[in-house]
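Take a look at the structure below.
We name chains A, B, ... by the order of the sequence lines, and we start the count at 1 in each one. Only heavy atoms go into these numbers, but all of them, side chains included; no hydrogens, no water, no symmetry mates.
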2 protein chains.
Amino acid sequence: MIGGGPVAVTLDQVAEAAGVSKSTASRVLSGSSRVSDRTKRAVQSAAERLGYRPNRIASGLRTRRSNLIGLVITNLVNASFHTITGVLQQRLDECGYQVLLCVTDSDPVRERRYLDMLLDHRVDGLIIVGTGENTATVQQVSAAGIPVVNLMRTPDGTPGDSVMAGDRDGAELAVQHLLGLGHRRIAFIGGPPGVDSGRDRYAGFAAALTAAGLEPEPDLCARGPYTVPFGAEAVMRVMAADDRPTALYSANHEATFGALGALVQLGVRVPEQLSLVCHEEAPWFPYWHPPITVVDNGARDLGELAAEQILRRIDSRPDHGEPGPEGVGRLIRVGSRLVVRSSTMPPGRPG
Amino acid sequence: MIGGGPVAVTLDQVAEAAGVSKSTASRVLSGSSRVSDRTKRAVQSAAERLGYRPNRIASGLRTRRSNLIGLVITNLVNASFHTITGVLQQRLDECGYQVLLCVTDSDPVRERRYLDMLLDHRVDGLIIVGTGENTATVQQVSAAGIPVVNLMRTPDGTPGDSVMAGDRDGAELAVQHLLGLGHRRIAFIGGPPGVDSGRDRYAGFAAALTAAGLEPEPDLCARGPYTVPFGAEAVMRVMAADDRPTALYSANHEATFGALGALVQLGVRVPEQLSLVCHEEAPWFPYWHPPITVVDNGARDLGELAAEQILRRIDSRPDHGEPGPEGVGRLIRVGSRLVVRSSTMPPGRPG
DNA sequence: CCGTGCTGTGCAATCGATCCCACGGAGTAC
DNA sequence: GTACTCCGTGGGATCGATTGCACAGCACGG
C-alpha cells in the first residue's frame with residue numbers, strides 16, 4: 001500500500017520480475033502454448049506478487065475480440081425483460097462475455113445511436129429487442145461480421161437469428177383452457193397490433209375461438225399499450241358490454257394489474273364472476289388472492305436460448321471467417337406453458 | 001454490398017482516401033486541434049464514403065479511457081433497482097459512457113469476480129450496490145485510480161462516495177403520517193437488519209414512535225427478506241396479535257404485494273380496517289384499488305445523482321492525477337417524499 | 001556422427017488510434 | 001533583410017497485449 005499508485009502493472013513488468021520474456025509471460029498467463037513448469041510457476045508467482053491484471057483493452061486490440069456483447073432492449077420495467085436481462089447477463093458471463101446495456105425506451109433515434117456505438121466498441125455480438133425502425137443499421141452491424149440475435153421481435157428485413165416467444169400458441173393455450181371450463185364470452189385485453197407479441201397473441205386468441213366455432217367480439221376486445229392505466233380502462237370498457245364476459249384474457253402483467261384494480265373497483269369478484277388468465281408470469285401472481293392463472297412465456301428460457309445462440313454464432317466464426325449470412329437466420333421458438341392457479345373456474349350462472 | 005466484408009475501415013484508409021496523413025485525419029475526426037476547412041471537409045467526406053467507424057478499443061488503449069462504467073448490482077427485479085439502472089444508463093450515455101452490467105444476486109463470490117473483471121476491462125468508474133463482503137477488492141479498484149460510488153449501501157471500510165436513500169427519514173415520515181391520522185398500534189414489516197435499508201427504515205419507524213411516546217411492540221414487528229412470501233407470512237403473524245394493529249408500514253413493494261394478498265385472504269379491508277403505507281413506489285400503486293400511500297425513496301434521483309457523482313469524479317481526475325482518496329468520500333443523501341393516496345385513513349372504532 | 005523432429009523460449013511485428021515534436025511557409029516587427 | 005511567431009501538417013513513438021517465426025538444445029534413429 002506504499003505507492004501502488006494508479007499506474008497498472010504491465011506484462012513487461014511481470015516478465016522482468018520473473019526473468020523471462022514478455023512472450024513467455026503472455027503464454028503462461030493466457031495458457032495458450034506449452035511452457036515448462038518451472039517458468040510457469042515463476043511467472044505466476046510474479047504476477048501474483050505484483051498484483052498483475054491483464055489489460056483487456058490491449059488484448060482486445062490485438063485479438064480483435066472485445067468480449068463484450070451489446071444488449072439493446074426497449075425497457076427494463078417489463079417483468080419479462082428484466083428476467084431476460086438477468087439470465088442473459090449471467091449466462092454470458094459464465095462464458096467470459098460481458099453485457100453492454102442499452103435501454104432504448106422504444107425510441108428509434110436512441111436505438112440508432114446505440115447501434116453505432118456498439119459498432120465502435122467492436123462488440124462480439126448483438127442481442128436486440130428492436131423497434132424495427134433501424135434494420136438498415138442492424139444490417140451494417142451484421143455485415144461487419146458481428147452475429148445478431150433478435151429477441152422477442154423479428155422486424156421485417158432484419159438479419160441474424162431470432163429467439164421468439166411462443167406468443168400465438170400461448171394465447172391459444174389460455175383460451176382453450178377457458179373454453180374447456182365452459183366459457184363462451186371471453187374478453188381480450190392485448191398489446192398494440194404493431195408489435196409482434198400484440199399481433200401474435202391476438203392471432204392465438206382468435207384462432208382458439210374460431211376452432212370452437214366462435215369468433216372474437218369487437219366490444220370484448222381492447223388492444224393498446226402494455227400499461228397499467230390501459231388495463232384499467234380496457235376492463236371498464238369490456239365490462240360495460242350489454243352481455244358481460246365471463247372470462248378475461250389479459251396479455252401482460254402491467255395491464256393485468258390495471259385490470260385487477262379496476263375489477264376491485266367495479267366489485268367484480270375473481271374468479272366467481274370473472275375468470276382471469278394473464279399472459280405473462282410475475283413474481284407475485286402465485287401469491288395473489290386468488291393466485292392468478294398465467295401463461296408462462298418462458299422468459300428464463302428466452303434469455304438462456306438467446307445467450308446460447310449468440311455464443312454459438314461467435315464460436316462458429318472462429319477467426320473472422322466468412323461474413324455473409326450463412327443461409328437464412330435461424331428461428332428458435334420458445335414454448336409457452338399454462339400454469340393453472342385459482343383465478344379461473346367454470347362460469348357461474350348469470351346473475 | 002459487393003465485398004464490404006467484415007474487415008473494418010481504419011483511420012489510415014480514410015487518411016489515404018483524403019490524401020492527408022493519419023494524424024490530420026485523427027485531428028479532424030476527434031476535433032481536437034485546428035485544421036483547415038478544406039482538409040476537414042476532405043477527411044469527413046472520405047470517412048463518410050468509406051463508412052468509417054472509429055475503433056474505441058484502439059483509442060482506449062492509447063488514451064487509457066474505456067468509456068465504460070461498471071454497474072454492480074444485487075438484482076434487477078426490485079422496482080428501485082431497475083428504475084435506477086435505467087436512469088443511470090441513460091444519464092451516463094448522454095455523457096458518452098456505457099454501462100457494463102453485473103448482477104450479483106447478492107453472491108459475494110460473483111461480486112468478487114465481477115470486480116476483478118471490471119478492473120481488467122479498465123472501466124472508468126464503478127457504481128456498486130455492494131454485499132459488503134468485498135471491501136478489500138473495492139479498495140483495489142479505488143487504488144487503481146478508478147472512482148467508486150456506493151449506491152444505496154455503504155459497507156464499513158468501503159472507499160469512494162456514497163449516494164444513499166433517505167431510508168430513516170422516509171420511514172419516519174410514513175409513521176408520522178399514520179400517527180397524525182390517530183393510529184397507535186402500528187405494525188412493521190421490514191427488511192433484514194443486516195442491510196442498510198432494513199436497519200435504517202426500522203430506526204426511522206422506532207424513532208417516530210418514540211417521539212410520540214410509544215414504542216415498537218415486538219409482536220407487531222416482522223423483519224425478514226424483501227420477498228412476496230415473507231410479506232404474506234408477516235401479515236399473518238402481525239394480524240394474529242391479540243390486539244390487532246390498525247395500521248401497517250411495509251418496507252418494500254414485494255413484501256407489500258405479499259401483504260395485500262394475505263389481507264384479501266384474511267378479509268381485512270384496506271383502509272377501513274387497516275391503513276397501509278409502503279416504503280417504495282411501484283408503477284401500479286397509483287392505480288390500485290385503493291391507490292396505495294407510499295414513501296417514494298427517490299429511485300430516479302438516486303440514479304441521477306449516482307451518475308452525476310461518478311462523472312464528476314472522472315472529470316476531476318483529468319489525466320490520472322493523484323490516486324488517493326481526496327479527503328473522505330462524499331455522502332449524498334436523497335430525500336424521501338410521502339405520497340398520500342387512499343390506503344391510509346384514521347382508524348375506525350374497534351369492532 | 002549426422003540429420004531430423006520436438007520443446008521451450010525470445011525477438012519483433014502488429015492491432016488502430018492518439019499526440020508529441022518538428023518543419024515549412026506565411027505573416028509581422030524591427 | 002533578419003528574426004520571430006503562428007498555423008497547418010506529417011512523421012513516428014506509444015499504449016499493452018498477442019503471435020508468427022526463428023533458434024537453441026536435446027533426444028533419437030540410422
Side-chain angles (χ1 to χ4, degrees), chain A residues 6-44 46-47 50-67 96 119-122 124 144-145 318-320, chain B residues 6-44 46-47 50-67 96 119-122 124 144-145 318-320:
Chain A
V7 176
V9 179
T10 72
L11 192 58
D12 288 283
Q13 297 170 38
V14 174
E16 192 179 343
V20 299
S21 77
K22 204 168 46 161
S23 337
T24 304
S26 168
R27 279 186 273 257
V28 170
L29 295 169
S30 52
S32 56
S33 172
R34 288 213 58 76
V35 201
S36 77
D37 278 357
R38 228 172 60 81
T39 45
K40 187 180 288 183
R41 271 195 304 276
V43 171
Q44 277 164 345
L50 298 174
Y52 172 72
R53 296 262 86 209
N55 185 330
R56 266 195 192 283
I57 298 187
S59 125
L61 175 59
R62 182 63 227 248
T63 60
R64 297 157 163 281
R65 313 171 90 263
S66 60
N67 286 298
L119 216 41
D120 297 353
H121 276 280
R122 300 297 191 266
D124 292 334
D319 244 316
H320 303 274
Chain B
V7 177
V9 178
T10 71
L11 191 59
D12 288 282
Q13 297 171 39
V14 174
E16 191 179 344
V20 299
S21 77
K22 201 166 51 159
S23 329
T24 304
S26 170
R27 277 186 277 257
V28 171
L29 296 169
S30 51
S32 56
S33 173
R34 290 213 59 76
V35 200
S36 77
D37 278 358
R38 229 173 58 81
T39 45
K40 187 180 290 183
R41 272 196 303 276
V43 171
Q44 277 165 346
L50 298 174
Y52 171 73
R53 295 263 85 209
N55 184 330
R56 267 196 192 280
I57 298 186
S59 127
L61 176 59
R62 182 63 228 248
T63 60
R64 298 158 162 280
R65 312 172 89 265
S66 60
N67 286 298
L119 216 40
D120 297 353
H121 276 281
R122 298 299 190 267
D124 291 335
D319 246 315
H320 303 272

Does [N] have its OP1 or OP2 closer than 4.0 Å to a side-chain nitrogen or oxygen of [X]?
X: B/Ser36; N: D/dT9; result: yes
X: B/Thr24; N: D/dG10; result: yes
X: A/Ser26; N: D/dT18; result: yes

Once you build an axis from the first five pairs and another from the last five of the helix from C/dC1-D/dG30 to C/dC30-D/dG1, how far apart in angle are they, to 10 degrees?
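Helix axis angle between the two ends: 50°.
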Rounded to the nearest angstrom, tell me the gap between atom [atom1] in [X] and atom [atom2] in [N].
X: B/Arg34; N: D/dC6; atom1: CZ; atom2: C1'; result: 12 Å
X: B/Arg38; N: D/dG8; atom1: CZ; atom2: P; result: 13 Å
X: B/Arg122; N: D/dG16; atom1: CZ; atom2: P; result: 8 Å
X: A/Leu50; N: D/dG16; atom1: CG; atom2: C1'; result: 15 Å
X: A/Gln13; N: D/dG16; atom1: CD; atom2: P; result: 8 Å
X: B/Asp120; N: D/dA17; atom1: CG; atom2: C1'; result: 13 Å
X: B/Arg27; N: D/dT9; atom1: CZ; atom2: C1'; result: 6 Å
X: B/Leu119; N: D/dA17; atom1: CG; atom2: C1'; result: 16 Å

Candidate pair B/Arg56 and B/Asn67, rule side chain to side chain contact (heavy atoms under 4.5 Å, CB included), full reasoning
CA-CA 9 Å; B/Arg56 267 196 192 280; B/Asn67 286 298; 3.0 Å; yes
With sequence neighbours excluded, tell me which residues meet side-chain contact (heavy atoms from CB on, under 4.5 Å) with B/Gln44.
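B/Gln44 satisfies side-chain contact (heavy atoms from CB on, under 4.5 Å) with B/Val28, B/Lys40 once adjacent residues are dropped.
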How would you list, by chain and number, every residue that makes a side-chain contact (heavy atoms from CB on, under 4.5 Å) with B/Arg34, sequence neighbours excluded?
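Expected list: none.
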Identify, between B/Lys40 and B/Arg62, the residue whose nearest nucleotide on DNA chain D lies closer to the 5' end.
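Checking each residue's closest nucleotide, the 5'-ward one belongs to B/Lys40.
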pair B/Pro54-B/Leu29: side-chain heavy atoms closer than 4.5 Å:
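No, their side chains stay 4.5 Å or more apart.
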Side chains of B/Asn55 and B/Thr10, heavy atoms from C-beta outward: is any pair under 4.5 Å?
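No, their side chains stay 4.5 Å or more apart.
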Of the nucleotides D/dA17, D/dT18, D/dC15, which one has an atom closest to the side chain of B/Arg64?
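Side chain of B/Arg64 sits closest to D/dC15.
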Please classify the nucleic acid contact of B/Ser23 as base, sugar-phosphate, or nothing, using heavy-atom distances under 4.0 Å.
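Base, at least one base atom sits under 4.0 Å.
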Those residues of residues 14-22 of chain A lying under 4.0 Å from DNA chain D by at least one heavy atom
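Correct list: A/Lys22.
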Heavy atoms only: give me the nearest [X]-[Y] pair and the separation to one decimal.
X: A/Gln13; Y: A/Ala8; result: NE2-O, 4.1 Å
X: A/Arg65; Y: A/Asp124; result: CA-OD1, 3.6 Å
X: A/Ala47; Y: A/Val14; result: N-CG1, 3.8 Å

Can you give me the first and the last nucleotide of DNA chain C (5' to 3') that has an atom within less than 4.0 angstrom of a non-hydrogen atom in chain B?
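Listing 5' to 3', DNA chain C meets chain B from C/dG16 to C/dC20.
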Which residues pass the salt bridge (charged side-chain N to carboxylate O under 4.0 Å, His left out) test with A/Arg122, not counting sequence neighbours?
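Residues passing salt bridge (charged side-chain N to carboxylate O under 4.0 Å, His left out) with A/Arg122: none at all.
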Say you draw a straight line from CZ of A/Arg62 to CD1 of B/Ile57; how long is it, rounded to the nearest 0.5 Å?
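Interatomic distance, A/Arg62 CZ to B/Ile57 CD1, rounded to 0.5 Å: 13.5 Å.
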When you check the side-chain N and O atoms of A/Ser26 and A/Ser23, is any donor under 3.5 Å from an acceptor?
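Judged by distance alone, the side chains do not pair up.
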Between the main-chain N or O of A/Arg53 and the side-chain N or O of B/Asp120, is there a donor-acceptor pair closer than 3.5 Å?
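It does not hold such a pair.
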